[in-house]
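Contents: one structure, followed by commentary.
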Amino acid sequence: MSSVPRINPSILAADFVNMQAELARIAAADFVHVDVMDNHFVPNLTFGPQMVERIQATSPVPLDVHLMIDDPDRWAPGYAELGAASVTFHLEAAREPLSLARRLRDIGARAGVAVKPATPVDALFELLDEFDQILVMTVEPGFGGQGFMPETMPKLRRLAEEARRRDAQVWLQVDGGISESTIAQAAEAGADTFVAGSAVFGNDDPDAAISALREIAAAHAHR
Ligand code: DX5
Ligand code: ZN
């Protein structure tokens, strides 16, 4: 299922040793958000292609891979090749973002680019058609459970305006600190795809948390 607004739970907040059971708890999700961290681009380490391949084989919903790694030009295509529906790399880490996006699409994945809170997005305006998703980080990447940064909203708003003006089909994703109390402002600013880690897996009923988030986002949708 993938309808606007999309809710993508982050398994960073799941129990890593019970991944199969955790994946079964989020059947209402649009995508499973998989945070790959390398201890270089961010000061935290999660998992690599071998684990992501097992998640891909096990998950009932498609994968939205968020690569917080150095040298995505070298590593990102491998995640598309193992079957991830969407692969997002960081603009700050990529040498040739445009050719990397094209390679990801050639392999058959949706191509995504992410920006940290302080990274400007103006350089992406000309490239909106080259990406299927732009991820505006609403926390500093690296850890779950941080507070939402409202100062990232003007950037998201400008991206949404540009996308509308150019009639671009790109999805606008937010990630970090998304909860029932912050999702409305991100939806109003133009996000249509929402990552939530602790707000989903921290709930006794993750599927109910997904529905509640989706409902609030839909009520505040901007386009
Ligand atoms: C942070 C990750 C996020 C994280 C979000 O670097 O990219 O996906 O899991 O977690 P919450 O929703 O708890 O802020
Ligand atoms: Zn993420």
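Along the sequence shown, residues are numbered consecutively beginning with 1.
In this structure the side chain of Asp71 reaches within 4.5 angstrom of the side chain of Arg95, judged on heavy atoms. Residues Ser59 and Leu63 form a side-chain contact, since some pair of their non-hydrogen atoms from C-beta on lies under 4.5 Å apart. In this structure the side chain of Ile69 never reaches within 4.5 angstrom of the side chain of His40, judged on heavy atoms. Using a 4.5 Å cut-off on side-chain heavy atoms (C-beta onward), Thr182 and Ser179 make contact. The shortest distance between side-chain heavy atoms of Trp171 and Phe131 does not fall below 4.5 Å. The side-chain heavy atoms of Asp129 and Leu127, taken from C-beta on, include no pair separated by under 4.5 Å. Inter-residue side-chain proximity for Thr138 and Pro117 is flagged as unmet; no heavy-atom pair is nearer than 4.5 Å. Taking 4.5 Å as the limit, some side-chain heavy atom of Ile55 sits within range of a side-chain heavy atom of Met19.
Residue Leu45 holds its CG atom at 11.5 Å from CE of Met68, rounded to the nearest 0.5 Å. Note that CD1 of Ile11 is 9.0 Å distant from NE2 of His33, once rounded to the nearest 0.5 Å. In this structure, Asp38 CG and Asn44 CG are separated by 10.0 Å, a value rounded to the nearest 0.5 Å. Separation of atoms CD1 (Ile134) and OG1 (Thr193) is listed at 11.5 Å; rounding is to 0.5 Å. Separation of atoms CD (Glu215) and CD1 (Ile210) is listed at 13.5 Å; rounding is to 0.5 Å. Atom CZ in Arg103 sits 6.0 Å away from atom CD1 in Ile107 (nearest 0.5 Å).
The two residues Gln133 and Ser86 make their nearest non-hydrogen contact at NE2-OG, 4.0 Å. Across Pro5 and Phe194, no two heavy atoms sit closer than the pair CB-CE1, 3.6 Å. Looking at every heavy atom in both residues, Phe31 comes nearest to Ala85 through CE2-CB, 3.9 Å. Pairing each heavy atom of Val61 with each of Ala29, the nearest pair is CG1-O, 3.5 Å. A pairwise comparison of heavy atoms in Glu96 and Asp73 identifies N-OD2, 2.9 Å as the closest pair. Considering all non-hydrogen atoms of both residues, Asn8 and Asp64 come closest at ND2-OD2, 3.1 Å.
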Evaluation steps, side chain to side chain contact (heavy atoms under 4.5 Å, CB included), between Leu67 and Trp75: CA-CA 9 Å; Leu67 298 175; Trp75 301 111; 5.7 Å; no
Go through the steps for Phe41 and Glu92 under the test side chain to side chain contact (heavy atoms under 4.5 Å, CB included), then give the verdict. CA-CA 9 Å; Phe41 183 73; Glu92 302 86 355; 3.9 Å; yes
I would like to know whether Arg25 and Glu22 meet salt bridge (Lys or Arg N to Asp or Glu O under 4.0 Å); could you show each step before the answer? CA-CA 5 Å; Arg25 296 170 74 209; Glu22 293 285 72; 2.8 Å; yes
Stepwise side chain to side chain contact (heavy atoms under 4.5 Å, CB included) check, His66 with His90: CA-CA 8 Å; His66 176 194; His90 267 268; 3.0 Å; yes
What verdict does the side chain to side chain contact (heavy atoms under 4.5 Å, CB included) test give for Leu23 and Val32, after you've listed the backbone C-alpha separation in whole Å, the side-chain angles of each residue and the deciding distance to 0.1 Å? CA-CA 8 Å; Leu23 291 168; Val32 185; 3.9 Å; yes
In residues 141-152, what donor-acceptor pairs under 3.5 Å come from side-chain atoms, sequence neighbours left out?
| residue | atom | partner | partner atom | Å |
| --- | --- | --- | --- | --- |
| Gln146 | NE2 | Glu140 | O | 2.8 |
| Gln146 | NE2 | Phe143 | O | 3.0 |
| Thr152 | OG1 | Met149 | O | 2.7 |

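Side chains of Asp35 and Thr46: a donor-acceptor N/O pair is absent below 3.5 angstrom, by distance only.
Both Val200 and Val174 belong to a common hydrophobic cluster when Ile, Leu, Val, Met, Phe, Trp and Tyr are linked at side-chain heavy-atom distances under 4.5 angstrom. Cluster annotation: Val195 is not connected to Met153 through the hydrophobic network of ILVMFWY side chains, with a link wherever side-chain heavy atoms come within less than 4.5 Å. Follow the hydrophobic side-chain contacts under 4.5 Å out from Val87 and you reach Leu91 in the same cluster. There is a path of hydrophobic side-chain contacts, each under 4.5 Å, that joins Leu104 to Val34. One hydrophobic cluster, built from ILVMFWY side chains closer than 4.5 Å, cannot hold both Phe89 and Val139; they sit in different ones.
The environment of Asp122 atom CG is dense: over 12 non-hydrogen atoms of other residues, nucleotides or ligands sit within 6.0 angstrom. More than 12 heavy atoms of other residues, nucleotides or ligands sit less than 6.0 Å from atom CZ of Arg166.
The main-chain N or O of Ala208 is found under 3.5 Å from a side-chain atom of Asp205 such that the two form a donor-acceptor pair. Between the side chain of Asp192 and the main chain of Leu172, a donor-acceptor pair closer than 3.5 Å is present. Between the side chain of Asp175 and the backbone N or O of Met137, no donor-acceptor pair lies under 3.5 Å. Distance alone, capped at 3.5 Å, is enough to place a donor-acceptor pair between the Lys155 side chain and the Thr119 backbone.
Salt-bridge check for Arg157 with Glu162: failed, with every basic side-chain N at 4.0 Å or more from each acidic carboxylate O.
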